[in-house]
Amino acid sequence: MVVKVYGPDFASAKRVLVCLIEKEIEFETVPIDIIKGQNKDPDFLNLQGYYAEKYKSQGIDLLRKSIEEKGAVEQWLEVEAQNYHFAIYILVIKILFARKKGTPLDAKVIKENEKKLEKVLDIYEERLSKSKYLARDFFSLVDLNHLPFTKYLVDMGKMYLIEERKHVKAWWDDISNRPSWKKVSSSRWPLLE
């Protein structure tokens, strides 16, 4: 069975695509119109976790087997969702989308969220000084979830936030050079095998 991935050519859908490639699952892409709100359908949300679990014995294990490893994955997924993603998402909206729409940048909001992101990255730096990846010494769904939005830091001219942290930079260099991410990040919709 070929999995259909519905989504715009943005970060959330790219998370799913990287997961499917890592899990060696065949897929095809179907663009949707976010202006019409098609991205709000519950069937399109958080699919990477679903596929990582459903196909856990296929491809790379993104969730892990032991309770301790699963716990570490869940813990760092929460950190990503509640702290990292929130701050970087605001930056993407206030910088990238504002530029595309031709609206003025909100320097105050940008600075506030940059500070929030710096705090999270300092926590990451500490964690990554002790393990190769965020959950532990294995690539997981946590690392995968960081790929699309961290790439936006480059597009926003904010990559120095990663580069000034030795362990975060080593982690980013590692995960951003995975074949699955290179394939997804260099492709445009529809990405067909």
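Positions are given from 1, in the same order as the sequence printed here. Because the structure is predicted, anything quoted here is derived from the model rather than measured.
Note that CD of Glu114 is 9.0 Å distant from CG of Leu153, once rounded to the nearest 0.5 Å. With rounding to the nearest 0.5 angstrom, the CG atom of Leu62 is 6.0 Å from the CG atom of Leu141. Note that CG of Leu20 is 10.5 Å distant from OG of Ser180, once rounded to the nearest 0.5 Å. Atom CD of Glu118 sits about 8.0 Å away from atom CG of Leu121, to the nearest 0.5 Å. Summarising the geometry, atom CD1 belonging to Ile88 is positioned 5.0 Å from atom OG1 belonging to Thr150; distances are rounded to the nearest 0.5 Å. Residue Leu96 holds its CG atom at 10.0 Å from CG of Leu105, rounded to the nearest 0.5 Å.
The same ILVMFWY cluster, assembled from side-chain heavy atoms under 4.5 Å apart, contains both Tyr160 and Val154. Residue Val2 is not grouped with residue Ile25 when hydrophobic side chains (ILVMFWY) are merged at heavy-atom distances under 4.5 angstrom, including chains of intermediate members. Criterion: ILVMFWY side-chain heavy atoms under 4.5 Å apart, direct or through other members. Under it, Phe97 and Phe149 are part of a common hydrophobic cluster.
With hydrogens and angles ignored, the 3.5 Å screen pairs a side-chain donor or acceptor of Lys23 with a backbone N or O of Lys56. Using modelled atom types, one side-chain atom of Asp143 and one backbone atom of Ser140 make a donor-acceptor pair closer than 3.5 Å. Proximity of a side-chain donor or acceptor of Asp137 to a complementary backbone N or O of Ser131 within less than 3.5 Å is not detected. Checking side-chain atoms of Glu22 against main-chain N and O of Gly59 turns up no donor-acceptor pair under 3.5 Å. Put simply, the side chain of Asp174 never gets that close to the backbone of Ala170: no donor and acceptor are under 3.5 Å apart.
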Could you go through Phe27 and Ile21, starting from their C-alpha distance and side-chain angles, then the distance that decides it, and tell me whether this counts as side-chain contact (heavy atoms from CB on, under 4.5 Å)?
CA-CA 9 Å; Phe27 65 90; Ile21 293 169; 3.7 Å; yes
Could you walk me through whether Leu77 and Glu74 satisfy the side-chain contact (heavy atoms from CB on, under 4.5 Å) test, starting with their C-alpha distance in whole Å, then the side-chain angles of each, then the deciding distance to 0.1 Å, before giving a yes or no?
CA-CA 5 Å; Leu77 280 170; Glu74 289 298 322; 4.2 Å; yes
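Checking Trp172, Trp171, Phe139 one by one against His146, the ring-ring contact (aromatic ring centres under 6.0 Å, His included) holds for a single residue, Trp171. Results of the side-chain hydrogen bond (donor to acceptor under 3.5 Å, both in side chains) test with Glu125 over Lys166, Arg165, His167 single out His167 as the only residue that passes. For the pairing with Tyr84, the side-chain contact (heavy atoms from CB on, under 4.5 Å) check across Tyr89, Tyr124, Trp76 returns one residue only, Tyr124.
In this structure, Leu147 and Lys14 have side chains that are not in contact, with every pair of non-hydrogen atoms separated by 4.5 Å or more. At a threshold of 4.5 Å between non-hydrogen side-chain atoms, the residues Tyr133 and Ile175 count as touching.
Lys158 and Ile110 make their closest contact through NZ-CG2, 4.4 Å (heavy atoms, listed as atom of the first residue, atom of the second, distance). Of all heavy-atom pairs between Ala87 and Lys116, the closest is CB-CB, 4.0 Å. Residue Lys94 comes nearest to Ala98 through the heavy atom pair O-CB, 3.2 Å, listed as atom of the first residue, atom of the second, then distance. In plain terms, the two heavy atoms of Leu161 and Leu117 that are nearest each other are CD1-CD2, 3.9 Å. Smallest separation of non-hydrogen atoms from Met156 and Leu91: SD-O, 3.5 Å. Between Leu134 and Arg127, the shortest heavy-atom contact is O-NE, 2.7 Å.
A salt bridge does not link Glu112 to Lys115: none of the charged side-chain nitrogens sits closer than 4.0 Å to a carboxylate oxygen. A salt bridge does not link Arg136 with Glu68: every distance from a Lys NZ or Arg NE/NH1/NH2 to an Asp or Glu carboxylate oxygen is 4.0 Å or more.
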